[in-house]
2 protein chains.
Amino acid sequence: MISQTAEYALRAVVCLAQNPDKPYTTAEIARWTKVPEHYLSKVLLALAKHEVVFSKKGLHGGYVLAQDPENLPLLNVINAVDPIKHIKSCPLKLKTHGANLCRLHQRVNESIDMMEDLFRTSTVALILSEPTQSIPLRESITQVRA
Amino acid sequence: MISQTAEYALRAVVCLAQNPDKPYTTAEIARWTKVPEHYLSKVLLALAKHEVVFSKKGLHGGYVLAQDPENLPLLNVINAVDPIKHIKSCPLKLKTHGANLCRLHQRVNESIDMMEDLFRTSTVALILSEPTQSIPLRESITQVRA
DNA sequence: CATGCAAAGGATAAACATATCCTTTTATCT
DNA sequence: AGATAAAAGGATATGTTTATCCTTTGCATG
C-alpha cells in the first residue's frame, strides 16, 4: 500500500545506513537497491530537500544520511517522497459531515493511522539491527539447513 | 492508502446496504455516493463479477447486495475491485532472500497485514450500526450544539 | 584555473489509474 | 411483438505515477 517511490526511498536510506559515513553516488545506490538509476536521482532529490539525506556534489561527493539511523523513523522517509494523507473531512463533501467523519471514513482513516504509527515507530536502525536470515539489500551467504 | 476505486466500491456497497431489498440503478447509486456515474458502472461490474452484489437488467432492475451485511467484510469489497497484495518474496529478487523477507520488507508487509486485518474484521453492518454524528452518505440533520 | 566528477533540474516518454462516451445485450411491461 | 429500462461491454480520453534522457550547476583535485 505504499507507493513504488516510497519503497525506493526506503531502500536507498537503508543502503546509506549501512555505512553512514561513506558518501554513495546515485549510481552506487542504484546498483545496491536495484532501483532505476535515473528515477532514483529524483527520489534522492526529494530526500535531500526534506533533509533526510545530505548531498555533496563533485568528486568524492554523493549522498549521506542526514539523520542518525536511531532517530530516523521510516515514516520520515516515506513522507519525504510520498506523504501519507489522512482523511480529515468528508470525501463526499457533505456539508453536515465536514470534519465529523462517518463510520466508513473513520474506519478507512483508522487503517491509515495504523500504518502511520507502524512506520513512525520503526526506525532505520531497527531494520538493520534485528538480524534475520535475510540482510536488507544483500545476497547473504546464510544457508538454511535441511 | 486504498485506491479511489476501492473507496468508490465501499460507498456503493454502503449505499446498497441501507436498503438491502431495493434494487438501485447505477444512476441512483452515483447520486447518493457522488461517484462519477460511468466510472461507477465499471466498479459495480467488478463487484458483480466477484459476487459482492447481484445485478438485474431491465426495468426495475439494478444492483442488490449479494451478501448479508453482517457477513460482508469491507475487505471483500476492496479485494473485488483492487486486491490487497502482500509482499511474498523479495522485491529485489535477491536469490538468497526469496520468501525470507528482510526486516525492511517484513515491516512493510506488516503494515499491509494490519490494514487487511482491520478491513477483514469490519463488516458493512458494523459501519451502519454504530451511530455517530455523521451517517454514511447522508446529509444528516444532526446539529452540533455550541 | 582547467578538468572531471557528481548532483540538480528540465523535458519527454511509457505505463497505469481514473473518467467519459457509445453500442450491445437482456429483462420488463404493455 | 414493440417499446423502454437498465446492465454489460468496448473504445477512447484525461491524469498521475513511474521511468528515461539530456543539460546545467557546483565541487574537488591537479
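This structure is a prediction, so every number in the text was calculated from the model and none was measured. Just so it is clear: chains get the letters A, B, ... in the order the sequence lines come, proteins before strands, and each one is counted from 1.
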Rounded interatomic separation in angstrom, taking [atom1] from [X] and [atom2] from [N]:
X     : N      : atom1 : atom2 : value
B:Y39 : D:dG10 : OH    : C1'   : 16 Å
B:Q4  : C:dT20 : CD    : P     : 12 Å
B:D82 : D:dT17 : CG    : P     : 15 Å
A:I2  : D:dT17 : CD1   : C1'   : 15 Å

Indicate whether OP1 or OP2 belonging to C:dT18 is found under 4.0 Å from a side-chain N or O atom of B:T5.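 For C:dT18, OP1 or OP2 has a side-chain N or O of B:T5 closer than 4.0 Å.
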
Do B:N100 and A:S134 have a side chain donor and acceptor closer than 3.5 Å?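 A:S134 and B:N100 do not have a side-chain donor-acceptor pair below 3.5 Å.
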
Residue A:K88 excluded, over 12 heavy atoms near NZ under 6.0 Å: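 At most 12 heavy atoms, drawn from other residues, nucleotides or ligands, come within 6.0 Å of this atom.
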
If the condition is ring pair (Phe, Tyr, Trp, His ring centres under 6.0 Å), which residues does A:Y39 pass it with, not counting sequence neighbours?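 Once residues adjacent in sequence are excluded, the partners of A:Y39 under the ring pair (Phe, Tyr, Trp, His ring centres under 6.0 Å) criterion are A:Y8.
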
Treating A:E28 as the side-chain partner and A:T25 as the backbone partner, does any N or O pair qualify as donor plus acceptor under 3.5 Å?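 Flag set: sc A:E28 to bb A:T25 pair under 3.5 Å.
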
Flag this pair as yes if the NZ/CZ of B:K22 is under 6.0 angstrom from the six-membered ring centre of B:Y24 and inside a 45 degree cone about the axis; otherwise no.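 The answer is yes, since B:K22 meets both limits relative to B:Y24.
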
Return the minimal non-hydrogen interatomic distance between B:E37 and B:T26, and the atom names on each side.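 B:E37 and B:T26 have their closest heavy atoms at O-CG2, 3.6 Å.
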
Below 3.5 Å between N/O atoms, which protein atoms pair up with nucleotides 5-9 of chain C? Just atom names and distances, please.
unit_1, atom_1, unit_2, atom_2, d
C:dA6, O4', A:G58, O, 3.4
C:dA7, OP1, A:T26, N, 3.2
C:dA7, OP2, A:T26, OG1, 3.2
C:dA7, O3', A:S55, OG, 3.4
C:dA8, OP1, A:S55, OG, 2.8
C:dA8, OP2, A:Y63, OH, 2.5
C:dG9, OP2, A:K49, NZ, 3.4

